[in-house]
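Lettering follows sequence order; numbering is per chain, from 1.
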There are 2 protein chains.
Amino acid sequence: MSVQERKERERANRERLILATARELAEQQGWDAVTTRQLAERIEYSQPVLYSHFRGKREIIGAVALEGAAEMAAAVRAAASAAAGPRARVTALARAYLDFAARNPAVYDAMFQLDGGLAFAKEDTPEPLKDGFAALLESLAEVAGDGVHPGLFTEVFWAALHGLATLTRAGRLPPEDTERRTELLVDRLAIL
Amino acid sequence: MSVQERKERERANRERLILATARELAEQQGWDAVTTRQLAERIEYSQPVLYSHFRGKREIIGAVALEGAAEMAAAVRAAASAAAGPRARVTALARAYLDFAARNPAVYDAMFQLDGGLAFAKEDTPEPLKDGFAALLESLAEVAGDGVHPGLFTEVFWAALHGLATLTRAGRLPPEDTERRTELLVDRLAIL
DNA sequence: GATCCGATCCTAGCACCGCTAGACAATCGA
DNA sequence: TCGATTGTCTAGCGGTGCTAGGATCGGATC
């Protein structure tokens, strides 16, 4: 069944092409510009082809979000493991998180601002999302402090990072003070 | 010129009606349901009338956001002034903020999630937005700690609240632990 | 009181959106 | 070689935000 295998391979390639194109277009011109027509034209297929891969636009956004979650988890883990000592680890984690959000605004939007039809904080939460939270938890648990549930602490720390990321990106916070805000956050939240 | 005054009054009334209807519809069915057609039908005028009051849908969202900012500033100030002592003030402020976001999700979306075409952190930032930040600053400055710029501290605290509000609302954080998260945040961030 | 004129509002329609039915062509198995 | 299946496209549906242009209404003037 080599023929069938080839077809499946080609199909998988095209699906990757769709996601990569959607992501690229979103980073270049924003998600509003990612219309099914524009996307179809860029991958050089007609619109209905998109619907043979995804249920709709929401699911495309969701798929990009999952990609992003996996990348962010990797980035956070890499930064944390390259740092020595709890304090350096947490600082590196925070910087990596905010850096990812700043460098991939469209992906970050797909993960948290847009409706990608993803479930959260439930049984059927997709693996990359749970793993993203786990990546934060790994480094944050050690600085949660005595008597504080590590999961709860991670939620609060994560929320703070998320707030900084979104408000900065939306122009609500001046970008030049990001580093000072990060240091203040780590100083206060983490018990070293 | 009593005639002209009457007309201006009626016009102002209709503008209030548009905003109240948009807000009500958004809280009931979400901003996606606030289409120009639906909105026009509810106020019993045709669509073009909307455009004689606002440049477009964005500006309507922006106007609702400004309303919301004023209300939130008032809510935060009321909560803070009813509390005795720095710690109680900050806790009350945090609760009031999160409570407002939870009770008025559509308005909160208009303020921070949607594009209302509003300027931020600049000279031409609308007054209600600057005042909203000022309301936070008033109570937070006293717990910023020595050597920490009150504005910077307020930004971080605000970002944390914003993160908690949005992640909770999006189903990313289980709502039942909100109170514990709030206490943890206040305990760690505020210097008492 | 008749007439004019300007402000006000609505009908109709534009270009675009996400999505889909059904015709068509290419490819596979017999 | 032929029929069936799979894959793709054209065309179109109902919806969106927004606007041009005509009708209508009310106040000011003679």
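One interatomic measurement links the two molecules: CZ of Arg11(A) to C1' of dT6(D), which rounds to 11 Å at whole-angstrom precision. Computed from coordinates, the Leu114(A) CG to dG18(C) C1' distance equals 15 Å when rounded to whole Å. The interatomic distance linking Leu25(A) (CG) with dC17(C) (C1') rounds to 15 Å, in whole Å. Going from atom CD of Glu10(A) over to atom P of dG7(D) covers 11 Å, rounded to whole Å. Rounded to whole angstrom, the span from the CD atom of Gln29(A) across to the P atom of dC16(C) amounts to 14 Å. Atom CG in Leu50(B) sits roughly 14 Å away from atom P in dT11(C) (whole-Å rounding). One interatomic measurement links the two molecules: CG of Leu39(A) to C1' of dC19(C), which rounds to 14 Å at whole-angstrom precision. Between Asp115(A) atom CG and dG18(C) atom P there is a gap of 14 Å when expressed in whole angstrom units.
Considering CH2 of Trp158(A) and CZ of Arg172(B), their distance stands at 7.0 Å, rounded to 0.5 Å. To the nearest 0.5 Å, the span separating OG1 on Thr21(B) from CZ on Arg42(B) amounts to 8.0 Å.
Between Ala73(A) and Gly132(A), the shortest heavy-atom distance links the atoms CB-CA, 3.9 Å.
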Query raised in the report: In the 5'-to-3' direction, what one-character label does each nucleotide of nucleotides 16-24 of chain D receive under the scheme B = base within less than 4.0 Å of a protein heavy atom, S = sugar-phosphate only, - = no such atom?
Result: BBBBB----
Requested in this report: In sequence, state the C-alpha distance, the side-chain angles, and the governing distance for Arg23(A) and Glu71(A), and then conclude on salt bridge (Lys or Arg N to Asp or Glu O under 4.0 Å).
Outcome: CA-CA 13 Å; Arg23(A) 179 169 172 171; Glu71(A) 288 177 28; 2.7 Å; yes
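Under a cutoff of 6.0 Å and an axis angle of 45°, Arg14(A) and Tyr45(A) form a cation-pi pair.
Taking 4.5 Å as the limit, every side-chain heavy atom of Asn104(B) sits out of range of all side-chain heavy atoms of Tyr108(B).
Nucleic acid contact class of Arg14(A) (heavy atoms, under 4.0 Å, all strands): sugar-phosphate only.
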